Number of protein chains: 2
Amino acid sequence: MGRRKAGGASRKEAILEMATVFFAEKGFRDTAIGDIARMIGVADGTIFYHYKTKEDLFVAVMENFKEQLIRETREYLAGRGEVNGLERIEGLISFYISLAAKLEQRFLLLHRHYPYELAEDNPGCRRHLEDIYDFFTRVFEDAILAGQRDDSIIEIPAHKVALILFTMVDGLVRIGTFRLYQPSALYEELTASCRRMLEKKEGA
Amino acid sequence: MGRRKAGGASRKEAILEMATVFFAEKGFRDTAIGDIARMIGVADGTIFYHYKTKEDLFVAVMENFKEQLIRETREYLAGRGEVNGLERIEGLISFYISLAAKLEQRFLLLHRHYPYELAEDNPGCRRHLEDIYDFFTRVFEDAILAGQRDDSIIEIPAHKVALILFTMVDGLVRIGTFRLYQPSALYEELTASCRRMLEKKEGA
DNA sequence: GAACAAACTGAGCGATCAGTTAATTTTTTA
DNA sequence: TAAAAAATTAACTGATCGCTCAGTTTGTTC
């Protein structure tokens, strides 16, 4: 059986966590397996015992991050009060921005280009990326459809507009990490813009 | 003076062009100076004669790309017909999408994360990135202000909305390169959404 | 306490690559 | 045309890094 450290976390979990930090912060190529190993006081070989290659380790990191994203979003959706579709959209945008702020470092995993390159010939990696995008697009789409049912949102192609909305908010978060401006400073105007884009006026 | 190749381009220009292709296609770290050199039939040392370091070469590539982006956009703006502000916005979105399609490979220079990391401690690189974002934001902003003067666009904070619009269209282009969907397939709905976001209704 | 399997180690191999150097060739200048 | 300057080359250096592997340690099962 595997040895357990004091904290209760297995070596394998510790490796995955530290790899997440390094891959997000420095990227795949600029992360040396030796750096990860030294940081958690483990031999290089230990990492290769648990993960066959550096690439496999990266894919495991992506899978773990995907699961975290979906879990946290599901928790938000579950704890959300009774509101109409348009308000759900506004809540989602606000939630995504705050999630990206909370997990700023880890979001680099999505905003670097490497994962998308790897996805081209690594089915596991592609799968995780598609899962993430499909999940968020569906969450936005569901809110639009609900809004069309409760008459808060106009008749538009729900899937396409969901894609546009998610792209917009994710793009804003991404460019926000470049420190060219604060994404939160645009938040007010962003929700106002989305409302104009979606809102159904009275007496339609 | 340097030897000239048949085409008339100097070695230095050839190096810059080939470096652009490699840095865009494979990224900074995964591009070996030796690859660039071999591709144009030049010794490694020749590259270091013209550009002191690999990083300097990269910054030169960014500068060159910046100039191309601004030049091509200025040409579009100059050749554009007389239209109102809202139509100018729609034209700009269409132009940006087609420019990104035409220069798909080179746009990776903007959509990779490395340049933004380098910008943190390389003033030259930061300068070029800021120039690019400032330029496009201003172009969108000018169109919004024009639209507010000719009553085609409602009263909104022009700079902030310009940032949102540019982020949205650039984000769409970026995610389009992941092959998860075709950005042109969203074009119709994108312009319709922007119109709803900006358009001033009759009789205000 | 013997036998076994899982977890772990770290030295070392082979390959890659940015940058250097010294010698050579080409071009410019006077 | 000869000296000076610029451009180019091939060979080399030193450092990095992914991965392997032969062997060791640890925990479990009879």
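Note on naming: letters A, B, ... go to the chains in the order of the sequence lines (proteins, then strands), and numbering restarts at 1 for each one. What you see is a predicted model; the values in this text were computed from it and never measured.
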Counting only side-chain N and O atoms of Thr46(B), is one of them less than 4.0 Å from OP1 or OP2 of dT9(D)?
yes
Between P on dT13(D) and CG on Asp44(B), what's the gap in Å once rounded to a whole number?
16 Å
Within this structure, what is the CD1-to-C1' distance between Ile40(A) and dA7(C), rounded to whole angstrom?
14 Å
Output a table of donor-acceptor pairs, distance under 3.5 Å, between side-chain atoms of residues 159-174 of chain A and any protein atom two or more places apart or on a different chain; print 'none' if there are none.
unit_1    : atom_1 : unit_2    : atom_2 : d
His159(A) : ND1    : Glu141(A) : OE1    : 2.9
Thr167(A) : OG1    : Leu163(A) : O      : 2.8
Asp170(A) : OD1    : Tyr96(A)  : OH     : 2.7
Asp170(A) : OD1    : His111(A) : NE2    : 3.0
Asp170(A) : OD2    : His111(A) : NE2    : 3.4

Reckon Arg11(A) has a side-chain N or O less than 4.0 Å from the OP1 or OP2 of dA7(C)?
no
For the pair Tyr76(B) and Phe95(B), name the ring-plane relationship: parallel under 30°, tilted 30 to 60°, perpendicular over 60°.
parallel
In whole Å, what is the span from the OH atom of Tyr51(B) to the C1' atom of dT8(D)?
15 Å
Phe28(B) has an atom CZ; how far is it from atom P of dC17(C), in whole Å?
13 Å
For a quick test of reading the model: is some side-chain N or O of Tyr49(B) closer than 4.0 Å to OP1 or OP2 of dA7(D)?
yes
Using the six-membered ring wherever Trp is involved, compare the ring planes of Phe23(B) and Phe28(B) and label them parallel, tilted or perpendicular (cut-offs 30° and 60°).
parallel
What's the CG-C1' distance between Leu57(A) and dC17(D), to the nearest Å?
15 Å
Rounded to whole Å, how long is the line connecting atom CD1 of Ile15(B) with atom C1' of dA6(D)?
14 Å
Just how far is it from atom CD1 of Ile36(B) to atom CE of Met18(B), taken to the nearest 0.5 Å?
8.5 Å
Considering only dT9(C), dC17(D), dT9(D), which nucleotide approaches the side chain of Ala43(A) most closely?
dT9(C)
Would you mind reading off the distance between Arg38(B) atom CZ and dC17(C) atom P, rounded to a whole angstrom?
9 Å
Whole-Å distance separating the CD1 atom of Ile47(B) from the P atom of dA18(C)
10 Å
Name the residue closer to the 5' end of DNA chain D, choosing between Phe48(A) and His50(B) according to the nucleotide with the nearest heavy atom.
His50(B)
